[in-house]
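For reference, the structure is listed below as structure tokens.
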Amino acid sequence: MKQVRVRFAPSPTGELHIGGVRTALFNWLFARHHKGKFILRIEDTDVLRSQKDFITSVIENLNWLGLNWDEGPGIGGDYGPYFQSQRLDIYKRYAKKLLREGKAYPCYCTQEELLQRRRKMQREGKPPVYDGHCRDLSLAQREKLEREGRKSTVRFKVPHNGTVKVRDLLRGDVNFENKILGDFIILKSDGTPTFNFANVVDDYLMRITCVIRGDDHLSNTPRQILIYQALNFDPPSYAHIPMILGKDGAKLSKRHGATSITYYREKGYLPWAVVNYLSLLGWSTPDSQQFFTKEELIQKFSLERVGKSSAVFDYQKLEWMNAEYIRKMDTDELAKLLIPYLKKRGWVKDKVDSITYRKIFRITELEKDRLRTLSDIVELADFFFEKDFAYDSKAVKKKLKNDYVCSLLRRVKNEVEQLSKFDEENLERTLRKISKELSLSTAKAFHPLRIALTGRMRGPGLFELAAVLGRKEVLRRIDRTLEMLKEKGYGGSASGRPQDSGSCSGGSNPPPPAKLAPSSRG
RNA sequence: GGCGCCAUCGUCUAGGGGUUAGGACAGGUGGUUCUCAGCCAUCAGACCGGGGUUCGAAUCCCCGUGGCGCUACCA
């Protein structure tokens, strides 16, 4: 049996799309499973819309995802070049061959003429296919039109009768009647090939054995098979995989949310989480397994288990899966992935020293369970880095208003100052002791403290996060909170009584004025 | 309009002539904890409709309906 050769053939007219990634993935899995070749070919024949930046982006993103190719840009191979823009003479050669054999003909219709005739056909309720206007021109007529300076395209002569059978690995045989196809263009007036033509020539020349692509291409396939036949090429086998849709059932597009893989990369999705999630869109194992290692996925993947109906892209499930992979990840590895996000915020310097790294590691440990994407770290851990963090106004109103709060904070401050060793265990023991002595439930004691230290109601364990902050910073934050409460008249200072132990005024050194933020997410 | 593809919980799906139609995400409830997250337990939720075939249809066949795609000098 001959070696499996499949390809992914994106056109660089935009950022690599999630749907494109899924197509690339299925091709890659198929190749790897069968120990065949995965080829990357850039279909940049649309000169107007193709951009160099997008080529770079496609290549970078595929690399990031780990979908490595055996032939193509950056690698080379025996069947190159792998950019269609560098193969124009090849397409011309084959077009000439078809011309010579009478299987194609020059068409001199202008776009304007075509448009008008198409409109007319539509008005009359006829199918809007090319009417064969130039199909049977005599040599003299052609020469006349040439002399008039008319530009020509090359059209493929579709037989008027008969049918084309597409053998699809997923859907079985699908038949199309030739007569509904219409003579389509294979070479544009500027000499570049159209998709259907370049695709066939390249797939043949690159010895592609199986074309795996979105099922939006199924209706194009009869045209391509006709070209194979005209050129005396053996067509490959086909597998048209279901498309990915948005929530409303329409083809996935920007209005459903982000569709470019670049977005997910920047947001902090792990490449394998994306791959794993995408593999489940249209494919499954008999036991509906959710998580796969790379080796497992390659081993278990098969086209037979690819479904036929389109799948809705579920952002939430992707997010969940990403979070799962983050939680399962080694903390050290995760911390290193988080650093770029901290740098972007200016929270850590370009060169991370070992003390800073130690802190980042601890923070990573504490926030790991809460991360859904890597960039979440920015919102979750800001208080570790921002000395001047804002207090969630809702949290303040809800938890710091009570009379006992100031005496509690002052008490904690005193005890913390005197702590022989400032670590998690001592902290916990002391804080529990204080809450007991003040006859406060741990909840009542710890919530205000958490807000004093972080500005918010949710987050990692109190002792853990305090330990990371360090004694000095904890004391400073308590002072800062006391000051803030004093200004607001909260926490017992508004009781009207003279300065008693419950008051927030007096005592401490005046810290810088604290900001009160508008209520944000707790 | 023509042609084509598709159809199981809200979503991804398993299953497939006789099943309590299974799992995952999301949602609800309870528990654990200083909060959140997590974790554990638990609940709710589906075979598009109609005909056939059959003792029996969600499963096979046909029709309908719906969704999507193609019908370009885009790919």
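The sequence lines fix the lettering, A, B, ..., with proteins before strands; numbering per chain opens at 1. FYI, side chains are in, hydrogens and waters are out, and symmetry mates aren't considered; it's all heavy atoms of this structure.
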Touch check for A:Gly282, heavy atoms < 4.0 angstrom, all strands: base, sugar-phosphate only, or nothing? sugar-phosphate
Distance between C1' atoms of B:rU65 and B:rG23 (Å, rounded): 30 Å
Under the ring-ring contact (aromatic ring centres under 6.0 Å, His included) test, residues paired with A:Tyr130 that sit two or more places apart: none
Nearest-angstrom distance from the residue atom CG of A:Asn276 to C1' of B:rU13: 14 Å
What nucleic acid atoms does A:Gln316 come within less than 4.0 Å of, heavy atoms only: base, sugar-phosphate, or nothing? sugar-phosphate
Pair assignment for B:rC73, Watson-Crick or G-U wobble, requiring both distances under 3.5 Å: none
Quickly work out the A:Leu252 CG to B:rU11 P distance and round it to whole Å. 15 Å
With rounding to the closest Å, how many angstrom separate the C1' atoms on B:rC39 and B:rU35? 16 Å
Using purine N1 to pyrimidine N3 plus N6-O4 or O6-N4 for Watson-Crick, or N1-O2 and O6-N3 for G-U wobble, each under 3.5 Å, what pairs with B:rG4? B:rC68
Taking only the C1' atom of each, what is the distance from B:rA46 to B:rA21 in whole angstrom? 9 Å
Protein proximity profile, nucleotides 43-50 of chain B - base contact B, sugar-phosphate-only contact S, no contact -, cut-off 4.0 Å on heavy atoms: --------
Taking A:Arg471 for the side chain and A:Val416 for the main chain, is one N or O donor matched with an acceptor at less than 3.5 Å? yes
Expected list for residues 157-175 of chain A near RNA chain B, using heavy atoms below 4.0 Å, is A:Arg171, A:Val174, A:Asn175
Can you identify which nucleotide, out of B:rA14, B:rC25, B:rG1, has its nearest atom closest to the A:Lys317 side chain? B:rC25
Partner set under salt bridge (Lys or Arg N to Asp or Glu O under 4.0 Å) for A:Glu43, not counting sequence neighbours: A:Arg41
Give the rounded distance in Å between these two atoms: CZ of A:Arg456 and P of B:rC36. 15 Å
Just by distance, do the side chain of A:Tyr277 and the backbone of A:Asp314 share a donor-acceptor pair under 3.5 Å? yes
Examine the side chains of A:Thr373 and A:Lys267 and answer whether a donor and an acceptor come within less than 3.5 Å of each other. yes
Walk me through it: do A:Asp216 and A:Lys251 pass the test salt bridge (charged side-chain N to carboxylate O under 4.0 Å, His left out)? CA-CA 10 Å; A:Asp216 47 341; A:Lys251 196 171 173 174; 3.7 Å; yes
Taking the nucleotide of RNA chain B with the nearest heavy atom to each, does A:Pro127 or A:Arg450 sit closer to the 5' end? A:Pro127
Taking B:rU11, B:rC6, B:rA37 as options, the one with an atom nearest any side-chain atom of A:Val312 is B:rU11
Scan side-chain atoms only and decide if A:Thr481 and A:Tyr391 contain a donor-acceptor pair under the 3.5 Å cut-off. yes
Would you classify A:Phe184 as touching base, sugar-phosphate or nothing, given that sugar-phosphate means primed atoms plus P, OP1 and OP2, and contacts are heavy atoms under 4.0 Å? nothing
Nucleotide forming a Watson-Crick or wobble pair with B:rA21, both distances under 3.5 Å: none
In whole Å, what is the span from the CH2 atom of A:Trp283 to the C1' atom of B:rA24? 14 Å
Checking side-chain polar atoms at under 3.5 Å, does A:Tyr105 have a donor or acceptor matched by the opposite partner on A:Asp183? yes
Rounded to whole angstrom units, what separation is found between the OH atom of A:Tyr238 and the C1' atom of B:rG4? 16 Å
Are the side chain of A:Ser288 and the backbone of A:Ser284 linked by a donor-acceptor contact shorter than 3.5 Å? no
Whole-Å P distance, B:rC62 and B:rC6: 12 Å
Among A:Phe38, A:Phe8, A:Trp283, A:Phe301, find the one that has a ring-ring contact (aromatic ring centres under 6.0 Å, His included) with A:Phe26. A:Phe301
Any-strand Watson-Crick or G-U partner of B:rA57, both distances under 3.5 Å: none
B:rU20 to B:rC43 separation - C1' atoms, rounded to the nearest Å: 16 Å
Please measure how far the P atom in B:rG69 lies from the corresponding atom in B:rG30, and state the result in whole Å. 43 Å
A:Asp131 CG to B:rG2 C1', in whole Å, measures 17 Å
Per-nucleotide protein contact string for nucleotides 62-75 of chain B (B base, S sugar-phosphate only, - none; heavy atom under 4.0 Å): ------SBSSSBBB
How would you label the contact of A:Leu462 with the nucleic acid (heavy atoms, under 4.0 Å): base, sugar-phosphate, or nothing? base
Across the strands shown, which category fits A:Arg305 at heavy-atom distances under 4.0 angstrom: base, sugar-phosphate, nothing? sugar-phosphate
So A:Glu112, base contact, sugar-phosphate only, or nothing? Heavy-atom distance under 4.0 Å. nothing
Nucleotide paired to B:rG30 in any strand shown, Watson-Crick or G-U, under 3.5 Å: B:rC40
If the C1' atom of B:rC73 is compared with that of B:rC63, how far apart are they to the nearest Å? 41 Å
Considering only atom P, compute the distance from B:rA72 to B:rC3 and round it to an integer number of Å. 16 Å
Under the salt bridge (Lys or Arg N to Asp or Glu O under 4.0 Å) rule, collect the residues that match up with A:Asp173, sequence neighbours excluded. A:Lys165, A:Arg167
Between B:rA24, B:rA14, B:rC12, spot the one nearest the side chain of A:Trp320, thanks. B:rA24
Taking the six-membered ring for Trp and the full ring for Phe, Tyr or His, determine whether the centres of A:Phe195 and A:Phe197 are under 6.0 Å apart. no
Which residue, A:Lys247 or A:Ser309, contacts RNA chain B at a nucleotide closer to its 5' end, judged by nearest heavy atom? A:Ser309
Are A:Gln290 and A:Glu324 linked by a side-chain donor-acceptor pair shorter than 3.5 Å? no
Please report the distance, rounded to the nearest Å, between NZ in A:Lys308 and P in B:rU8. 12 Å
Looking only at the side chains, is there a donor atom on one of A:Arg7 and A:Asn199 sitting less than 3.5 Å from an acceptor on the other? yes
Parallel, tilted or perpendicular: rings of A:Phe446 and A:Phe463 (30°, 60°): perpendicular
Taken to the nearest whole Å, OH/A:Tyr277 to P/B:rC25 is 13 Å
